[in-house]
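Here is the structure we will look at.
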Amino acid sequence: MVSNSISWTDSTSPVNSKPDMPSSAEELAGTWVFGGTLYGHFGHFILESLSRIWALEDLRGKIDGVIFTPKRNDPQFHQVLKQLRPLMEALGVNVEARVALAPTRVETLFVPRQGIGMHDLMEGSQKFRDFMNKHAGADIPADGATKIYISRSKLPPHRGGLICESILEDYLAAEGYEMFHPQNHSAAEQIAAYKAATHIIAVDCSPLHLLAYVGNASQKVGILTRRSMAFSADFVRQLKAFNDGVAFEVDALDRDWIPGRGLRPSRSSFGEMNFEEAWEVLNANGMVSGGTPWPALTDAQRQEDLDRIALLHNNSFHPLDENIAIRDAKLAEREAKQRAQAVGASNVGKPVQHERPRRPKPPSSVITPIMPINIATPWEPQPLPTSPSAALPPEKEATSDKNTQPNHAPKWLVDFRRSAWRRGFYHSEETFAALFANRGGEHLFVTFDDLVATRHDQIDRETWGYGLASKANWSHLGVFSFSPNWYRDATLFDYLHRLRDSGFFRQFKSVTMSGISMGGYAACAFSSLAQGTRVLAFSPQSTLDKTLVPWEERFPSGRAASWEGPYADAAAEVESACQVYLVYDPLEASDLRHAQRFTSSNVVHLRARYTGRNGVLRLVQADMFGTMMREIAQNQMDVTRFRAAYRTMRTRTWFLQELCERLEAKNRPELLGRVAQFAIANNMRGYAERITQRAEALRQTGAGSEAGEK
């Protein structure tokens, strides 16, 4: 299993998973590049299927081609790939392409990291952007109108769009815009048109991905929101990241019209746009120049187009808010009946009691969450800036302003608005914030940020472990840290004490706490807040109190914090916990010394050799992390099973790489040879050859010897 082969829709949503090894496979000779999942849909193909082609920059001339796996096992995908071939060549993918419809063993296969994806991954990695900027449409000259509107009005049935788009087209035609229908043009013609245009207006749709790849900094692009989803903002970020042009969102959406009684917008839904508001935004950005705003739709215009769409789709369309209101009314009616039945059953034979009137609760305050964050992509960790301007080129430092960064809604805020779980709170202080998502009283998952998170400064930040809690339907209390102070904050202590004293933790049947490094310290230190807590901490520091760990020389910001007061020694605080699991690399000297300070009988030491500071990542790659968390939450953790599963890591290249580097540092070529034999025995011949070469190089230096350091 190669972890790079996992494809991601966004940074938290894998598309595929580790498969079972097939009993037989077709053979493909030669050297190939894995392209990922092949989609037939234009937008998903250009964004996700081509996400690994950046590697061709280094591999061109060394490979026979690129090979995909199909989205579904359908022989038609051969035809799909044939139809998409001109688009691939126009984007610089001029090598042979195949799709594997059966298990296939490739003689030599390069598996690059994914370089772009949906949503928070649409800006792409630097290498992906560099590839597109160099190759996409490089040989296609600009040709077309300077003003274009990328229209959806002539798409086939069952594709969504805007209500009364034909009226919008009339307004834009009067402003000098040419109506451009991409599906009627070849890939080369689309690229030529996008390169020629200086003013582009489009609804949030797939052609904007191609525009990002081939556009330029002199263009202005206005994106009309056609559905109440975050796509317009995503496209704006993508366009700016790829060509640094002017791109902006025109969010004048009044209402979503949904086929039937659906409860969410989709590719088949239609948006009703406020024409006056759209004109004002476009006019302010220099896209239209008429002196009079476009008039609002009349009831007759709206109904006429709805009738046309209903006939085209053979379905009625209803407002989304109306559908939700009907759903909520039905749920309320059902719950009222269930309560009435329950009360009736419990009152049989009892005297009638009058309920004492309840004191009304004060209204809760409205909180605007503004927090620092940086989304971690699954393909390319970025170096963290040491100052607010360190990530910017020198010429942009003077104009750097954190307040100019786009404020994209974090997933937890979107979930509060649109998911089935809408109860919770957000509490913010100077150096920390707490987010609570209420998903019932069965289990509470409490997590704490690590040191890396404190250095991030984007808005759409999630608490550590939020995705896991969401998928498991656990209630989640996540603590954000905005300071590398190891949670040594009296205000935080007071806040957590108020939660404890209010009975917050007691309302859940079980509680687990978790974190990495600084967050691991906090999970252990605060475990005494809730009775019966179970803890899973990765490479935690027991304390940074200089009087307790004078040998700890890392984390200067944490050591500089005040270690007076409560929770100063996590090794002592965990004594009241139900069970504590520490995952750490015993070969990391400082991590080992911290772990050895946890001596109470409820502590289980899980040694993960050669993981270094990447313990969580390695467990995620091995599909062990989520399973481990769930087992601990359900009090079903089997340490023997964990250790057996971890032993399988020995066949992973990162494990052998770490082992070999340590053996090289100790001048042990003979042991490197034994590692090579192990690799051969586990069908890793290519890797075994490289290890053998390293061992031979070490022998030739004359440094290795049987008497080397042990």
Residue pair Glu249 / Thr225, side-chain donor-acceptor N/O under 3.5 Å: yes
Over all atoms of both residues, closest heavy-atom pair of Leu536 and Ser514: O-OG, 2.7 Å
Residue pair Gln596 / Arg593, side-chain donor-acceptor N/O under 3.5 Å: no
Parallel, tilted or perpendicular: ring planes of Tyr584 versus His605, cut at 30 and 60 degrees: perpendicular
Under the side chain to side chain contact (heavy atoms under 4.5 Å, CB included) test, residues paired with Asp638 that sit two or more places apart: Thr640, Arg641
Ser528 and Glu573: side chain donor to acceptor below 3.5 Å: yes
From Trp474 atom CH2 to Trp421 atom CH2, the distance as rounded to the nearest 0.5 Å: 14.0 Å
With sequence neighbours excluded, residues passing side chain to side chain contact (heavy atoms under 4.5 Å, CB included) with Ala537: Cys524, Val535, Pro540, Leu582
Mutual orientation of the aromatic rings belonging to Phe655 and Tyr610 [parallel < 30°, tilted 30-60°, perpendicular > 60°]: perpendicular
Mutual orientation of the aromatic rings belonging to Tyr646 and Phe642 [parallel < 30°, tilted 30-60°, perpendicular > 60°]: parallel
Residues which pass salt bridge (Lys or Arg N to Asp or Glu O under 4.0 Å) with Arg227, listed by chain and number, not counting sequence neighbours: Asp204
Any residue meeting side chain to side chain donor-acceptor pair (under 3.5 Å) with Gln507, in chain and number order, not counting sequence neighbours: none
Ser13: partners by side chain to side chain contact (heavy atoms under 4.5 Å, CB included), with sequence neighbours left out: Thr9, Asp10
Parallel, tilted or perpendicular: ring planes of Trp464 versus Phe445, cut at 30 and 60 degrees: tilted
Residues forming a side chain to side chain donor-acceptor pair (under 3.5 Å) with Glu664, sequence neighbours excluded: Arg694
Mutual orientation of the aromatic rings belonging to Phe436 and Phe504 [parallel < 30°, tilted 30-60°, perpendicular > 60°]: perpendicular
